[in-house]
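For this chain, numbers begin at 1 and follow the sequence in order. First listed ligand is number 1; within each ligand, the first listed atom is number 1.
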Amino acid sequence: MLELKNIQKRYDYHKVLQDINMSFPSCGMVSIVGPSGCGKSTLLHIIGGIDQDFLGDLLWQGKSVKKHLTKYRRQHVSFIFQQFHLIMWLSVKQNIALPQFFHPQEKQQILLDMQAFENASMSSLSLGQRQRIAYLRTRYHKSDILLCDEPTGSLDPIHAKEIMELLKEEAKQRLVILVSHDQKLVEKYSDEIYEMKDGQIIAHRVYRQSVHQDQMKKKTKRIFFPHLRLSIESFLSHKKRSLQLVFGLTLSLLCIVFTLTLSQNLENQIHQYIHSLFPASSISFQSMHHQSLTVELLNQIQAHPDIIKAEMYLDDYECLGMSFIKERYQESTTLFIGDETSPYEDLSLKLGRFPQNQHEILVSLSTAQHLCQNEDISLLIDKAVYVYYQHGLEVKPIAFHVVGITTQTTSLDTFYQQNHASYYLLKEVYQFPENPSASLGIIYVDKNKERKTVLDDLQKTYPTYQFKEVGTSTTQNISQTMKQVRIVLYIFSILAILSSLFLIGEVMFLNVVQKKKDLAIMKCFGASPIDIMKIVLYESLEIVLFAQLICTLLYYEAIEMMNQVVKEILLNHQFVFSFDIRLLLIVFGVTYLFVLISQIPPLIYVLKINTVESLKE
Ligand SMILES: Nc1ncnc2c1ncn2[C@@H]1O[C@H](COP(=O)(O)OP(=O)(O)OP(=O)(O)O)[C@@H](O)[C@H]1O
């Protein structure tokens with residue numbers, strides 16, 4: 001049983017309701033009549049729990065529900081409005097089943113005469129059809145109280161009569177409270193009538209006592225993932241706007257992911273390049289007194305158990321490159337190539353064998369490909385090649401045989417030769433009167449040993465020589481610079497995400513403002529503030545998810561394409577862009593965090609929506 005105690009309502013200084021006391025039966029049709037502006041609708045909104053700003057008390061089954069109006073409304077109240085208040089972006093079926101999205105409801109069959117337009121769009125329906133949908137929606141929610149604000153106001157007499165008959169039928173099982181101007185219609189169907197004037201009850205007439213007929217309890221049904229489904233419908237209701245948002249966010253995500261991937265790949269590439277120039281396990285050394293290095297010294301150093309090989313750089317002899325022409329050096333037919341060597345232990349053979357004398361060499365796979373151009377690289381095995389060296393103004397060749405091709409793909413074209421081979425060969429070719437000078441040497445340390453320990457050991461043994469780890473300072477400098485570049489990129493990336501999410505936040509705010517009436521309708525049919533917040537939040541998360549999916553696909557495709565281009569056009573087999581899933585997850589995680597922050601204003605707005613005012617719009 002429902003009771004109103006001393007209800008008062010004012011808008012600023014205008015008292016709309018004064019000291020209203022009413023008591024309703026548990027079933028039957030009770031009508032409230034009175035002239036326009038006397039406060040009927042205002043009273044109905046208070047009874048329905050959608051207007052929470054009033055004085056006095058509302059009692060349900062003898063207990064005050066004033067402090068729990070949302071719960072009371074969700075559990076006990078349902079509405080039929082004069083303007084129907086249907087949600088235009090939902091289907092006919094979804095409009096009818098709206099209460100089922102917010103709590104389990106009785107399963108209902110769509111009436112036969114509805115089937116003709118159950119798949120029609122809401123905007124194409126006639127007034128009568130909309131009225132029937134509004135009525136059927138209340139049947140879905142078998143509430144204890146059905147509030148009807150001018151339910152026949154927009155209908156012709158035939159349809160009005162039909163609706164009144166249906167409401168009369170409903171009134172056998174629940175309390176139907178009706179507000180109407182139509183005195184004749186009301187008197188014909190009502191069990192009780194309250195008459196109002198200037199915000200007060202001036203008369204109360206009871207025509208008959210209704211007998212409550214118990215409802216047959218039917219199975220209830222719940223819609224799965226209700227908020228998700230409503231948010232998807234909302235997303236689709238403005239396809240153009242939603243897709244524009246998805247497009248904008250996808251673009252900024254792609255820019256961020258690519259910028260970071262490219263910088264990451266560039267850094268890796270630089271490190272790889274440095275390692276190919278300076279093997280990670282090597283140590284350079286030179287005399288502190290500018291003395292030339294000797295083969296004897298190299299052999300002594302090489303005797304160290306942790307050292308694989310020690311080589312020297314001959315100062316005055318420059319390797320100009322490798323050619324198949326013996327007669328004379330021609331720059332155009334010579335491949336610029338280095339005679340840097342690394343120990344054979346580091347190399348693995350693709351073709352041929354390891355050198356057995358000083359005139360035999362190995363070339364790396366990439367060098368072989370450059371030497372052979374489009375021809376088969378196996379033709380290179382046993383081929384005579386000439387490496388030209390310049391000493392002063394003199395350029396002379398040294399003949400070699402390529403005996404093997406290694407699996408290495410180096411950034412610089414290199415050939416590998418036996419220990420000190422160039423020293424002896426150059427000595428032979430140029431017939432030095434004295435030893436050629438070499439100020440810089442390089443030591444290859446066994447990869448399984450600690451380079452630092454070997455360095456300390458050497459420094460102690462040869463105190464007049466200075467030993468340094470090769471490439472360490474260069475790598476450190478580059479890492480430092482790349483770190484700074486990356487910080488700048490991160491800042492710009494965050495700004496890019498922030499600006500697109502600020503846009504999403506703004507658009508979602510406008511979306512909520514635009515849909516505020518629909519959200520208020522949902523509240524009238526059982527949605528709690530949390531339900532509404534979930535719908536709004538899910539919609540923005542869907543935009544982000546959609547953008548992330550497209551971004552992942554495009555990123556994957558673009559990486560594949562770039563690798564293909566680098567391989568085929570630039571003939572570079574070493575530079576490989578990698579699909580960085582970790583980077584994607586981090587960027588996507590940050591996006592979700594920001595999207596949650598950007599949703600604070602729309603969510604606060606949702607909480608503050610005034611249901612009564614929103615319904616009037
Ligand atoms: N938001 C509001 N701000 C100020 N005054 C309001 C507001 N809403 C309603 N009123 C006033 O409250 C009074 C009662 O309005 P209400 O809509 O309840 O009347 P009613 O009896 O339902 O009228 P009608 O039959 O024309 O719908 C009216 O004078 C109206 O102008």
Show me the side-chain donor-acceptor pairs of residues 8-16 shorter than 3.5 Å, one per line, residues at least two apart or across chains.
unit_1 : atom_1 : unit_2 : atom_2 : d
Lys9   : NZ     : Asp51  : OD1    : 3.4
Lys9   : NZ     : Asp51  : OD2    : 3.2
Lys9   : NZ     : Asp53  : O      : 2.9

Yes or no on ring-ring contact (aromatic ring centres under 6.0 Å, His included) for Tyr605 and Phe509, after CA distance, side-chain angles and deciding distance? CA-CA 8 Å; Tyr605 183 84; Phe509 186 78; 5.2 Å; yes
State whether a side-chain donor-acceptor pair under 3.5 Å links Thr261 with Asp580.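 No pair is found: no donor N or O on one side chain lies under 3.5 Å from an acceptor on the other.
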Quick check with a 6.0 Å cut-off and a 45 degree axis cone: is Lys66 positioned over the face of Phe54's six-membered ring?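 Because its charged atom sits under 6.0 Å from the ring centre and within 45° of the axis, Lys66 does stack over Phe54.
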Can you confirm whether more than 12 heavy atoms, excluding those of Phe502, are under 6.0 Å from its CZ atom?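 It does not: Phe502 CZ has 12 such atoms or fewer within range.
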Contact residues of ligand 1, where a non-hydrogen atom lies under 4.0 Å away: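 Within 4.0 Å of ligand 1, the protein residues are Tyr11, His14, Val16, Pro35, Ser36, Gly37, Cys38, Gly39, Lys40, Ser41, Thr42, His181, Glu613, Lys616.
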List the atom of Phe525, the atom of Ser78, and the distance in Å for their closest heavy-atom pair.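 Closest pair (atom of Phe525, atom of Ser78, distance): CE2-OG, 4.0 Å.
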